[in-house]
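Indexing begins at 1, ligand by ligand and atom by atom, following the structure's order.
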Amino acid sequence: MFDGLRERLQAARNRLGSSIQAVAASPAEGPAATPPAPSTGTAEPARPASPTFVDKVRVLVLERELIVSEKNVADALSELEMTLLESDVALPVTDAIIANVRKCLVGKHRKIGESVDALVVSALKTALLDVLGSGFDLREYILARPRPVKILFTGVNGTGKTTTIAKIGSYLKKQGFTVVIGSGDTYRAGAIEQIAVHAERLGIKVIQHKEGADPSAVLFDTVQYAHSHKIDVVLADTAGRFHTKANLMNQLDKIKRVMKPDLVVYVDEAVAGNDAVIRAAEFDRTVGADAIVLTKADMDSRGGAAISITHTIGKPLMFLGTGQTYDDILPFDPAGFVDGLLDGGA
Ligand SMILES: Nc1nc2c(ncn2[C@@H]2O[C@H](COP(=O)(O)OP(=O)(O)OP(=O)(O)O)[C@@H](O)[C@H]2O)c(=O)[nH]1
Ligand SMILES: [Mg+2]
């Protein structure tokens, strides 16, 4: 998951570290810090794994006080900018990250003995966490609300809404909640059977009508069922749709009026990159979105959508879908996510 982004960020981290170290080592400005001795390669053939360039950058410490200037890190910041854009991070989000890293590094008085790498990692973490927001704890949310908590899932075709509902149903059951699923995709052939198969495997009740029925009626019945059976959570499936299809968006509006969801979740694929971010913004503008799920993160190397979506539409990322089994869902934890990207961090 996000391997390309991780590699690129590691390279940017090392580049920033080297730039800062170069200032400390510059003869015009003072004595050089002493990096570890370079590997002598063939001179020591018996030695296992000699330190790589990366290792060397990461053990550097400042041996004199310095203030990092804009000029010192300008090239490294340009490279970081390219790195983020190549990873499909949206331009305004890239700008925000660069500005934050710059603010963390430039003009601050750095002490003797400070680890250059820790300095850089801390700046990158601060900047990434700032755009990622605080995530969304579904369990806490449900616990804090009157039952049933009604969750409506929306999004474009084939992004993983139905699979996500099954995964979240399974996740919530394991947390001790009772769940009912509303089979609100009455449009696509096979959709009613698809969710029914998931529900049966998971031991979750599903409310369904015939193909072609009004989805609002199905979801109304699902909410009624939840009330009468004291079910904790309603998970409402809907047919995939593009925001440009006015009739289908009006149908979503009607569903919202009828079932009055507590939470509208927009589902899209991490692999769609910036397209997912643009579509999420459109859905948010037209029918509203309270939280986001990005599926197929297991197939996404670039990570741009995950980094960009919250900052762009101002809504929290709730889960990442990470595969095709019911357990392949991760509550989104910004701090853990950033640590994972910068593993071996400060
Ligand atoms: N690798 C991977 N595949 C996923 C993930 N989530 C869903 N899928 C797959 O994506 C495909 C589409 O999933 P669905 O759940 O049917 O998507 P949908 O959004 O409900 O589709 P429509 O109802 O047609 O709009 C299926 O083959 C799923 O197994 C994920 O996190 N990782
Ligand atoms: Mg579906």
Consider every N or O of T295 and every N or O of ligand 1, then say whether any pair is closer than 3.5 Å.
->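 By distance alone, the answer is no.
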Backbone or side chain, does any N or O of T238 fall under 3.5 Å from an N or O of ligand 1?
->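 No - when backbone and side-chain N and O of T238 are compared with those of ligand 1, no distance drops under 3.5 Å.
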Is the shortest distance from a Lys or Arg side-chain nitrogen in [X] or [Y] to a carboxylate oxygen in the other one below 4.0 Å?
| X | Y | answer |
| --- | --- | --- |
| E282 | R279 | no |
| K254 | D214 | yes |
| D117 | R13 | yes |
| D253 | K256 | no |

Could you tell me whether E200 atom CD has more than 12 heavy atoms of other residues or ligands within 6.0 Å of it?
-> no
Which heavy atom of the protein is the closest neighbour of [atom], given with residue, atom name and distance?
| atom | answer |
| --- | --- |
| atom 22 (P) of ligand 1 | G158 N, 3.4 Å |
| atom 16 (O) of ligand 1 | Q194 NE2, 2.9 Å |
| atom 5 (C) of ligand 1 | G323 O, 3.5 Å |
| atom 15 (O) of ligand 1 | T163 OG1, 2.5 Å |
| atom 4 (C) of ligand 1 | K296 CG, 3.7 Å |
| atom 17 (O) of ligand 1 | G160 N, 2.9 Å |
| atom 29 (O) of ligand 1 | Q324 OE1, 2.5 Å |
| atom 24 (O) of ligand 1 | R188 NE, 2.9 Å |

Out of D328, D298, N157, who gets a non-hydrogen atom closest to atom 1 (N) of ligand 1?
->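 Selected option, by shortest heavy-atom distance: D298.
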State the count of protein N/O/S atoms located less than 2.8 Å away from the Mg ion (ligand 2).
-> 1
Contact atoms of ligand 1, heavy-atom distance to [X] under 4.0 Å:
| X | result |
| --- | --- |
| T322 | 31 (O) |
| D185 | 23 (O) |
| G240 | 25 (O) |
| G321 | 31 (O) |

Check whether the side chains of [X] and [Y] place a donor and an acceptor atom closer than 3.5 Å, and report yes or no.
| X | Y | answer |
| --- | --- | --- |
| D298 | T322 | no |
| R241 | Y187 | no |
| S78 | D75 | no |

Step-by-step side chain to side chain contact (heavy atoms under 4.5 Å, CB included) determination, V233 to I168 | CA-CA 10 Å; V233 186; I168 292 180; over 6 Å; no
Are any of the heavy atoms in G155 under 4.0 Å away from ligand 1?
-> no
How does K167 reach ligand 1, if at all, at less than 4.0 Å between non-hydrogen atoms: by side chain, backbone, both, or neither?
->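 Side chain only.
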Between T164 and ligand 1, which residue portion shows a heavy-atom distance shorter than 4.0 Å: side chain, backbone, both, or neither?
->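 For T164, no heavy atom sits under 4.0 Å from ligand 1.
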Between S183 and D237, does a side chain to side chain contact (heavy atoms under 4.5 Å, CB included) hold up when you go through it step by step?
-> CA-CA 5 Å; S183 186; D237 196 14; 5.8 Å; no
Over 60° means perpendicular and under 30° means parallel, so classify the ring planes of H198 and Y326, tilted if in between.
->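 Taking H198 first and then Y326, their aromatic rings stand perpendicular (interplane angle over 60°).
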Classify the ring geometry between Y141 and F136 as parallel (under 30°), tilted (30 to 60°) or perpendicular (over 60°).
->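 Rings of Y141 and F136: tilted, as their planes differ by 30° to 60°.
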Going from CG on D333 to CG on L317, what distance comes out if it is rounded to the nearest 0.5 angstrom?
->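 Separation between the atoms: 11.0 Å.
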Start with the C-alpha distance between I97 and L128, add both sets of side-chain angles, then the distance that settles side chain to side chain contact (heavy atoms under 4.5 Å, CB included), and finish with yes or no.
-> CA-CA 6 Å; I97 293 172; L128 287 169; 3.9 Å; yes
State yes or no: do L152 and I142 share one hydrophobic cluster built from I, L, V, M, F, W and Y residues joined by side-chain heavy-atom distances below 4.5 Å, directly or via other members?
-> no
